[in-house]
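Here the structure comes first, spelled out in structure tokens, and everything after it is commentary.
The chain is numbered in sequence order, starting from 1.
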Amino acid sequence: MTYGLLGEHLSHSYSPRIHAMLGSYPYRLFSVAPEELEAFLAAGKFDGLNVTIPYKKAVLPYLSDLSGRARKLGSVNTILRREDGTLYGDNTDYSGFRYLLRGRESLVRGGKALVLGSGGASVTVVQVLRDMGAGEVIVISRRGEDNYENLDRHGDAELLVNTTPVGMYPDNGASPVDLTRLPGLRLVVDIIYNPAKTALMLQAASLGIPAVGGLSMLVAQAKYSADLFTGKKQKDAVIHKIQEKIGSQMKNIVLIGMPGCGKSIIGKRLAAILGREWIDIDTEIESLAGKTIPEIFRKDGEESFRRLETARVAQAGKKSGCVISTGGGVVTRPENRDLLRQNGTIVYIRREMSKTYREQLAPRDGKVQNRPLMAQHTPEDLEQQRLPLYEAWSDVKILNIGINETAWQLVSFLRLTPAKKKRRHKKHKKNTEEKL
């Protein structure tokens with residue numbers, strides 16, 4: 001028995017991980033070009049498929065039968081090959097989106113909703129909203145009567161749902177609309193799940209509007225598809241369990257803090273414990289520039305360094321499931337914050353500024369190893385500038401009480417799963433810092 005995901009560009013997909021938790025069946029990614037779609041479906045090298053962009057409507061001519069829901073919606077996200085070789089289409093996106101909105105029914109009922117996009121996902125979302133009692137549902141498309149040019153006439157909308165791929169990996173940072181044009185919003189939903197926080201969601205948060213991404217919908221529709229694949233219905237409780245696990249696995253752990261606080265060495269240790277990729281932004285900058293950081297400052301100036309830093313932060317922030325150690329000044333550029341937050345939990349590593357520590361950072365013969373700003377500023381000067389920023393950026397703060405101890409405390413705080421079972425040190429200091 002072979003199952004999988006059918007789409008055009010699937011390098012970002014979490015579906016194999018999710019289905020591995022739902023059953024023991026093989027699950028593959030089938031990246032198929034549009035001109036190859038008919039031949040792929042006819043070849044029959046699968047028992048069941050999930051279907052994603054851009055094929056939720058395109059597969060319809062090749063299916064012999066549809067469920068009542070798929071026929072009503074004109075959109076399919078699940079295909080089963082029957083014993084006679086014919087293909088049957090169903091739609092579990094409906095139940096998946098309805099699951100996403102659980103507990104938010106009051107925000108839907110009677111209100112005005114805008115749905116961005118008119119593709120296969122859009123028709124499903126529109127039907128769910130209508131079935132849940134939305135007062136008015138408006139589809140915004142590029143060329144329809146209601147479009148992005150006249151969006152302002154819907155400023156009284158209370159709910160916005162993005163069903164377009166705008167802002168999806170690898171095109172992180174793009175947003176389909178500017179939310180300041182919609183002052184009445186009370187909830188923003190983006191069915192994109194990678195990145196975890198799209199630019200649309202980050203803007204919503206900055207405006208004080210609750211926002212939710214598409215991971216719960218992804219897991220829910222996968223669960224309902226798995227029920228069809230296996231013929232065995234699992235309880236919905238498994239959805240939340242898998243969502244929590246996938247969210248934890250795919251989230252970056254981003255370390256910020258003062259120079260010398262231990263970001264790099266703790267990050268390297270944490271990555272080793274978790275079996276994750278470790279990215280050190282300063283090392284990446286030196287690789288990009290072909291120069292050491294002191295050389296960049298001396299020859300090109302701080303502004304040139306900061307541009308390189310933002311470029312590397314943008315690349316690292318797109319990734320999932322990494323440990324990222326940043327430079328101490330990453331917080332001095334506001335744009336870096338959302339680049340790191342889109343897929344990451346930001347951890348502020350603190351270290352007591354003891355006399356020994358201050359002496360360690362003090363310049364010797366006018367030079368500080370790999371810390372050129374220390375030749376121009378005292379630790380106290382940098383603290384005054386940066387500590388409020390570290391506090392404002394962080395989701396978690398923790399005191400450096402030792403490399404191994406601090407790394408393991410982060411594993412505990414963030415409920416992370418080590419790559420291999422390791423015994424904790426019996427003796428370790430109590431860390432007094434907590435989640436914010």
Side-chain angles (χ1 to χ4, degrees), residues 1-97 117-125 127 141-143 163-171 191-194 214 217-232:
M1 306 290 282
T2 299
Y3 299 91
L5 176 65
L6 169 64
E8 188 173 8
H9 304 293
L10 300 176
S11 61
H12 66 285
S13 178
Y14 297 173
S15 291
R17 291 174 182 250
I18 294 170
H19 281 271
M21 299 179 202
L22 288 167
S24 57
Y25 46 83
Y27 193 93
R28 297 174 51 194
L29 296 178
F30 296 104
S31 295
V32 176
E35 63 272 16
E36 299 171 349
L37 179 63
E38 181 177 5
F40 170 80
L41 292 172
K45 296 181 179 179
F46 58 86
D47 296 285
L49 294 172
N50 290 125
V51 183
T52 190
I53 296 172
Y55 298 134
K56 293 186 179 188
K57 291 182 177 181
V59 298
L60 291 173
Y62 309 108
L63 307 182
S64 299
D65 195 11
L66 298 173
S67 69
R69 178 168 291 163
R71 185 176 294 108
K72 180 179 180 180
L73 295 172
S75 176
V76 164
N77 84 308
T78 303
I79 295 174
L80 298 177
R81 183 173 295 282
R82 298 187 291 198
E83 289 186 4
D84 63 0
T86 60
L87 300 179
Y88 169 81
D90 205 340
N91 188 304
T92 65
D93 277 338
Y94 180 97
S95 298
F97 187 64
S118 56
S122 173
V123 295
T124 302
V125 165
Q127 190 61 53
S141 60
R142 284 175 290 183
R143 290 177 291 274
T163 70
T164 78
V166 177
M168 183 172 71
Y169 178 89
D171 298 318
I191 67 170
I192 290 171
Y193 60 87
N194 184 9
M217 178 182 174
L218 176 73
V219 176
Q221 65 80 26
K223 181 266 177 191
Y224 299 128
S225 291
D227 291 347
L228 295 173
F229 291 161
T230 64
K232 299 177 182 178

Mind checking whether [X] and [Y] have side chains closer than 4.5 Å, heavy atoms only?
X: T52; Y: L5; result: yes
X: P165; Y: I192; result: no
X: I79; Y: L63; result: yes
X: D93; Y: V125; result: no
X: L228; Y: D90; result: yes

Inset, instruction - Check salt bridge (Lys or Arg N to Asp or Glu O under 4.0 Å) between R17 and all other residues, then give those that pass, not counting sequence neighbours. - result: none

Gap separating the [atom1] atom of [X] from the [atom2] atom of [Y], nearest 0.5 angstrom:
X: L49; Y: N77; atom1: CG; atom2: CG; answer: 11.0 Å
X: T124; Y: L73; atom1: OG1; atom2: CG; answer: 4.5 Å
X: N91; Y: R71; atom1: CG; atom2: CZ; answer: 12.5 Å
X: D65; Y: L87; atom1: CG; atom2: CG; answer: 11.0 Å
X: T78; Y: F229; atom1: OG1; atom2: CZ; answer: 5.5 Å
X: T230; Y: L22; atom1: OG1; atom2: CG; answer: 9.0 Å

With a 3.5 Å cut-off and sequence neighbours excluded, list the donor-acceptor pairs that the side chains of residues 6-14 form with protein atoms.
| unit_1 | atom_1 | unit_2 | atom_2 | d |
| --- | --- | --- | --- | --- |
| S13 | OG | S15 | N | 3.0 |
| S13 | OG | S15 | OG | 3.4 |
| Y14 | OH | S320 | OG | 3.4 |

Identify the two heavy atoms, one from [X] and one from [Y], that lie closest to each other, and give their separation to 0.1 Å.
X: G117; Y: S122; answer: O-OG, 2.6 Å
X: Y193; Y: G214; answer: CB-C, 3.9 Å
X: G89; Y: A70; answer: O-CB, 3.8 Å
X: G120; Y: K56; answer: CA-CB, 4.2 Å
X: I18; Y: A222; answer: CG2-CB, 3.7 Å

Inset, instruction - Kindly indicate whether a cation-pi arrangement holds for R69 with Y94, taking the cut-offs as under 6.0 Å to the six-membered ring centre and within 45° of the axis. - result: yes

Legend entry - Six-ring centre of Y88, R81 cation under 6.0 angstrom, axis tolerance 45°: no

Inset, instruction - For this output row, return yes or no: ring centroids of Y3 and Y27 closer than 6.0 angstrom. - result: no

Legend entry - Donor-acceptor contact below 3.5 Å, side chain T2 vs main chain F46: no

Legend entry - Step-by-step side-chain contact (heavy atoms from CB on, under 4.5 Å) determination, D171 to V166: CA-CA 7 Å; D171 298 318; V166 177; over 6 Å; no

Donor-acceptor list for residues 34-41 side chains, cut-off 3.5 Å, not counting sequence neighbours:
none

Inset, instruction - Carefully, step by step, assess R82 and S64 under the rule side-chain contact (heavy atoms from CB on, under 4.5 Å). - result: CA-CA 10 Å; R82 298 187 291 198; S64 299; 4.0 Å; yes

Inset, instruction - Tell me yes or no: between the side chains of N50 and S225, is some donor less than 3.5 Å from an acceptor? - result: yes

Inset, instruction - Report the C-alpha distance between D227 and T92 in whole Å, list the side-chain angles of each, state the deciding distance to 0.1 Å, and finish with yes or no for side-chain contact (heavy atoms from CB on, under 4.5 Å). - result: CA-CA 10 Å; D227 291 347; T92 65; over 6 Å; no

